[in-house]
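Naming convention: chains lettered A, B, ... in sequence-line order (proteins, then strands); numbering from 1 in each chain. Small disclaimer: the values here were computed from a predicted structure and weren't measured.
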Amino acid sequence: NAGVTQTPKFQVLKTGQSMTLQCAQDMNHEYMSWYRQDPGMGLRLIHYSVGAGITDQGEVPNGYNVSRSTTEDFPLRLLSAAPSQTSVYFCASSWDRDNSPLHFGNGTRLTVT
Amino acid sequence: AQSVTQLDSQVPVFEEAPVELRCNYSSSVSVYLFWYVQYPNQGLQLLLKYLSGSTLVESINGFEAEFNKSQTSFHLRKPSVHISDTAEYFCAVGSSNYKLTFGKGTLLTVNP
């Protein structure tokens with residue numbers, strides 16, 4: 001049971017570099033999302049998708065892009081990394097049903113210097 | 001818009017003591033309420049949820065939460081905690097089961 005898989009686990013970037021955080025799920029979930037977790041701030045929603053080809057912005061979308069070309073994958077792109085994007089990033093997925101909880105990956109710890 | 005306030009950022013308790021983690025929410029529509037738990041270096045896991053029906057919900061590991069609509073609260077309780085309950089606990093609210101607004105978290109530390 002792989003569940004939600006995030007890669008890489010750790011990443012260090014220099015200001016201005018770009019990178020893609022990968023997220024894959026093998027549960028055929030319609031819904032996928034990206035959160036960032038910062039100390040004392042809880043989790044804040046960056047972007048989400050309710051199905052392949054459909055994405056929307058969450059609470060803190062600036063500086064991030066997403067796409068959903070398949071049901072399984074939902075990559076998060078940082079176009080030009082900034083120190084303010086230093087955070088732990090979590091991908092989560094769910095069925096679109098009342099009794100379906102969010103399933104989280106183990107996170108990617110990103111440091112931007 | 002929805003918001004969640006977790007009233008305590010840290011709660012230290014001794015093993016076998018009772019604990020209450022407080023959560024208040026605001027929303028202009030009917031909502032679903034959740035508690036998620038995060039153990040060190042892991043993602044979040046669902047602890048329990050309120051969708052409708054009985055206002056008292058229970059988890060398999062002894063936690064319970066009561067939905068109080070008049071006080072807009074969803075406090076989490078356990079009558080006797082264990083060392084293994086040490087974790088960060090997040091209250092969340094949403095108009096669906098997946099697009100959730102999370103609180104800032106409460107770090108529960110259980111001491112021997």
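- Across all non-hydrogen atoms, the minimal contact from B:Gly43 to A:Asn106 is N-OD1, 3.5 Å.
- Clustering ILVMFWY residues whenever any of their side-chain heavy atoms sit less than 4.5 angstrom apart, transitively, puts A:Met32 in a cluster other than the one holding B:Leu46.
- In this structure, chain A has a heavy atom under 4.5 Å from the side chain of B:Gln38, while its backbone stays farther away.
- Crowding of B:Glu15 atom CD: a count of heavy atoms from other residues, nucleotides or ligands under 6.0 Å exceeding 12.
- Under a hydrophobic-cluster definition in which Ile, Leu, Val, Met, Phe, Trp and Tyr are linked whenever side-chain heavy atoms come within less than 4.5 Å, directly or via other members, B:Leu7 and B:Phe63 are assigned to different clusters.
- Using a 4.5 Å cut-off on side-chain heavy atoms (C-beta onward), B:Phe34 and A:Pro101 make no contact.
- Within 6.0 Å of CZ on B:Arg77 lie more than 12 heavy atoms contributed by other residues, nucleotides or ligands.
- Sequence neighbours left out, the pairs with a member in residues 8-95 of chain A that pass disulfide bond (SG atoms under 2.5 Å apart) are A:Cys23-A:Cys91.
- One hydrophobic cluster, built from ILVMFWY side chains closer than 4.5 Å, holds both B:Tyr39 and B:Trp35.
- With a threshold of 4.5 angstrom between heavy atoms, A:Val4 does not approach chain B through any atom at all.
- Of the two parts of A:Glu59, neither the backbone nor the side chain holds a non-hydrogen atom closer than 4.5 Å to a non-hydrogen atom of chain B.
- At a 4.5 Å heavy-atom cutoff, the contact between A:Leu102 and chain B is made by backbone and side-chain atoms alike.
- Under a hydrophobic clustering in which Ile, Leu, Val, Met, Phe, Trp and Tyr are joined whenever their side-chain heavy atoms come within less than 4.5 Å, directly or via other members, B:Val31 and B:Val4 fall into the same cluster.
- One hydrophobic cluster, built from ILVMFWY side chains closer than 4.5 Å, cannot hold both B:Tyr36 and A:Met41; they sit in different ones.
- There is no contact between A:Ser33 and chain B, counting heavy-atom distances below 4.5 Å.
- In this structure, B:Leu100 and A:Tyr35 approach most closely via the heavy-atom pair O-OH, 3.1 Å.
- Within residues 101-111 of chain B, the residues having any heavy atom closer than 4.5 Å to a heavy atom of chain A are B:Phe102, B:Gly103, B:Lys104, listed by residue number.
- Atom CG of B:Asn41 is separated from atom CZ of A:Arg109 by 7.0 Å, given to the nearest 0.5 angstrom.
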